[in-house]
Amino acid sequence: MTLVGANGDADGRDIGGFMTRRFSRTSAFICTAALLIALGSTAAQAADATPVKETGAGVMSGARALHLDADALAVATGMSVLDARRTLDEQQQAAQALSAMQAAEPARFAGGWMETTASGVVAHARFTGDSVPSSALAESTHVKKDLAVVNGPTARELADASDAIAKTTTEHDNVVGTGVDISSGEVVVWASPSNTASAMLDVAPALGSAELPAAVNEAVATVQRDGIRVQVRAASASAGNQNRGGVNISSCTAGFSVYYTGSGQRGLLTAGHCPNGGAYAVTPNGSLSYSKSTWSELWNQTTDMQIDVLASHTPLNSFFGTSATTATTATGTGTAWQGQHLCHRGVTTGYSCGYVQSTAFAPTWSGACNNTTCASTFVQVSGVNLSNNYGDSGGPWFIGGTAYGIHMGGTLGLGIWSVYTPIARLANFGASLVL
C-alpha cells in the first residue's frame, strides 16, 4: 500500500514501506474541469463564443443523468434496469426521510442509515429516550422504515471515539483512517495490509493498553473503548493509498460551479490540497489552454476545498458527471447516508460508483488535513467497481444532478474505498452551488 502525502517541497522518501511524495504548492497546476463552462469575459458573451468542439454534445437533465446512473448500476450488479432505477429513486426518498427525521428531532436522533434489500430500500433510524417520536412515525409513510430506540452508542458518541483514535494515529504509517459504522454501532480503524497488529499498537493510546486483545494478528481485531466497540480491519492487499491531488502527474479535477452569495462572483470548486493557480480545460479531455487563479481555500481538519476564478470563462450550472461528453444540469445538493449509492468522476479514472460506508470518517494518512488531525466529518465510499487514481482529487461526487461532495483521496486502484468532503462545507466559504 502506497501512502501519498501532499505537503512540503518536491521530494520522495520511503518510510517503513510507505512512500510519501511532496509537491510545491506554488508549482504549475493543470486542472481538467469536470464542468461545462462558457467562453467569454461575461455571462452574456459566453453562450455565443463557446467552441462547439469543446462543449461536447450538449447538456442533459438531472433526471436523464439519474437514469444513466441507474443503467450503470444495473450493469454492475446484474439487476434489471427497472429495479436499478427503482432502487435509486427509493434511496433518494429514504435519504429525504432520514434528513427530515433528524431535523424534526435533533436532540433525540441517534443515527441513521439505509439498506437496500430484495424488497426495496429501508431507512433505519435510531432515537434516544423511551420510545420512537411520533414525528418520526408520521414522516414519509410511503418509505419503508425501521425505527427503534437506540440500545448502544449514538452517532455522536461514535464520532467522538473516532476523533480520539484519529488524534493518536494521524501520520502513523500503519493506520490510514478511522470512521463510524452506524449500522453495526462501532468504530472501524483501517490498517495497511498485513499490519493489523502494528495498527492496533498505534491505536492503543486511545483505547488503553489493558483493553488490547491477546492476539491481534488476524485480518480483523476487535476491542472495547469506554463501552464502544472498535474494529481494526486490514485494507485490501491489492490497494495502495491514493492521490494527494496531482502529486504524481501534476493534475487535479474540478467539481462544480459555485458562487459567493454576497458578491455573486462565480468560480470552480476543487480540492483544497491541489496546487494554486495554473490552467484548465472546458471538458474532461479538452486542451489545457486557459488560466485560473485561486480565490479562497480551506484545507483543514474538516474541509478540503478551494474555489478558483477563471480568466476566460463563466462557470455554468452544469458539470461532467455521468457522461464525459454531455454535461449534467446541476439540480441541488444532497446529504449522504450510510448505504447510499453515489458516483464520482476523475480526470484519470473517469466515472465509477460505490456505496457510502461511513458518513463520519477521519483520514489519517500523511498530510491528509494539511498537518492537522482530521475530524470524523468526511464521507467514505467503497465498492468493487469504484476506482481512484492520481489526478482524481477535486472531482465531483453526485447522483443524477445532485451534488454530494468533492473528492479528497482514498485507496488506489479498482474495488477500493475513497473519501470526499461533503458539499455542505461550501457554507464555510459563504458560497453556494450554481443552479
Side-chain angles (χ1 to χ4, degrees), residues 1 3-8 15-16 18 20 22 111 152-182 184-192 195-213 216 220-235 241-242 244 271-273 298-305 338 357-380 408-411 417-422 425 428:
M1 175 178 268
L3 191 65
V4 181
N7 56 319
I15 307 175
F18 289 78
T20 62
R22 299 178 175 180
T154 66
R156 180 66 268 167
E157 291 168 339
L158 290 168
D160 288 343
S162 177
D163 284 344
I165 294 171
K167 188 174 296 185
T168 67
T169 57
T170 294
E171 309 287 341
H172 284 222
D173 295 332
N174 298 312
V175 178
V176 296
T178 174
V180 172
D181 184 342
I182 191 64
S184 63
E186 64 186 9
V187 175
V188 177
V189 177
W190 290 91
S192 58
N195 282 343
T196 308
S198 298
M200 182 61 79
L201 295 176
D202 288 341
V203 173
L207 300 177
S209 58
E211 299 180 86
L212 290 175
V216 292
V220 176
T222 303
V223 295
Q224 295 286 325
R225 179 191 186 276
D226 298 332
I228 293 176
R229 187 168 62 177
V230 178
Q231 186 180 104
V232 178
R233 299 181 191 172
N241 199 63
Q242 182 258 345
R244 299 308 307 143
H273 69 258
L298 288 174
W299 183 21
N300 54 36
Q301 63 181 2
T302 64
T303 306
D304 184 7
M305 289 177 168
Q338 185 173 319
Q357 186 157 347
S358 176
T359 58
F361 185 82
T364 60
W365 62 74
S366 179
C369 289
N370 200 17
N371 298 319
T372 63
T373 300
C374 297
S376 299
T377 58
F378 297 89
V379 176
Q380 181 191 34
M408 179 186 190
T411 49
W417 55 259
S418 59
V419 182
Y420 71 79
T421 301
R425 298 292 181 274
N428 296 336

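Everything numeric in this text was worked out from a predicted model, so none of it was measured. Below, all heavy atoms of this structure are taken into account, side chains as well, without hydrogens, waters or symmetry copies.
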- Atom CD1 in Ile228, atom CD in Glu157: separation rounded to 0.5 Å?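 One finds 6.0 Å between CD1 of Ile228 and CD of Glu157.
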- Query: Can you tell me how far SG of Cys369 sits from NE2 of His273, rounded to the nearest 0.5 angstrom?
  - Reply: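 These two atoms lie 10.5 Å from each other.
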Sequence neighbours excluded, which residues qualify as side chain to side chain contact (heavy atoms under 4.5 Å, CB included) partners of [X]?
{"X": "Thr377", "result": "Thr302, Ala375, Arg425"}
{"X": "Gln357", "result": "Trp190, Arg233, Gln380, Ser382"}
{"X": "Thr359", "result": "Val356"}

Would you name the heavy atoms of [X] and [Y] that are closest together and state the gap between them?
{"X": "Trp365", "Y": "Gly410", "answer": "CH2-N, 3.7 Å"}
{"X": "Val187", "Y": "Leu158", "answer": "CG2-O, 3.5 Å"}
{"X": "Val379", "Y": "Pro422", "answer": "CG2-CG, 3.9 Å"}
{"X": "Gly185", "Y": "Pro153", "answer": "O-CG, 3.9 Å"}
{"X": "Thr373", "Y": "Gln301", "answer": "O-CB, 3.1 Å"}

- Item | By side chain to side chain donor-acceptor pair (under 3.5 Å) - contacts of Thr178 (at least two apart) |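 Result, side chain to side chain donor-acceptor pair (under 3.5 Å) vs Thr178: Ser162.
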- Task: Could you tell me which residues satisfy side chain to side chain donor-acceptor pair (under 3.5 Å) with Asp181, sequence neighbours excluded, listed by chain and number?
- Result: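 Counting only residues at least two positions away or on another chain, Asp181 forms a side chain to side chain donor-acceptor pair (under 3.5 Å) with Ser183, Ser184, Gln338.
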Looking only at atom types and distance, does a side-chain atom of [X] sit under 3.5 Å from a main-chain N or O of [Y], one as donor and one as acceptor?
{"X": "Thr411", "Y": "Trp417", "answer": "yes"}
{"X": "Thr303", "Y": "Asn300", "answer": "no"}
{"X": "Trp299", "Y": "Ala368", "answer": "yes"}

- Task: Quickly, which of Val230, Val188, Thr364, Asp160 forms a side-chain contact (heavy atoms from CB on, under 4.5 Å) with Ile165? Name it, please.
- Result: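 Checked Val230, Val188, Thr364, Asp160 against Ile165; only one passes side-chain contact (heavy atoms from CB on, under 4.5 Å): Val230.
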- Item | Minimum side-chain heavy-atom gap Phe361-Val419 below 4.5 Å |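 Yes - at least one pair of side-chain heavy atoms lies under 4.5 Å apart.
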- Check ion pair Lys167-Asp163 (N to O, under 4.0 angstrom):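 No, no charged N to carboxylate O under 4.0 Å.
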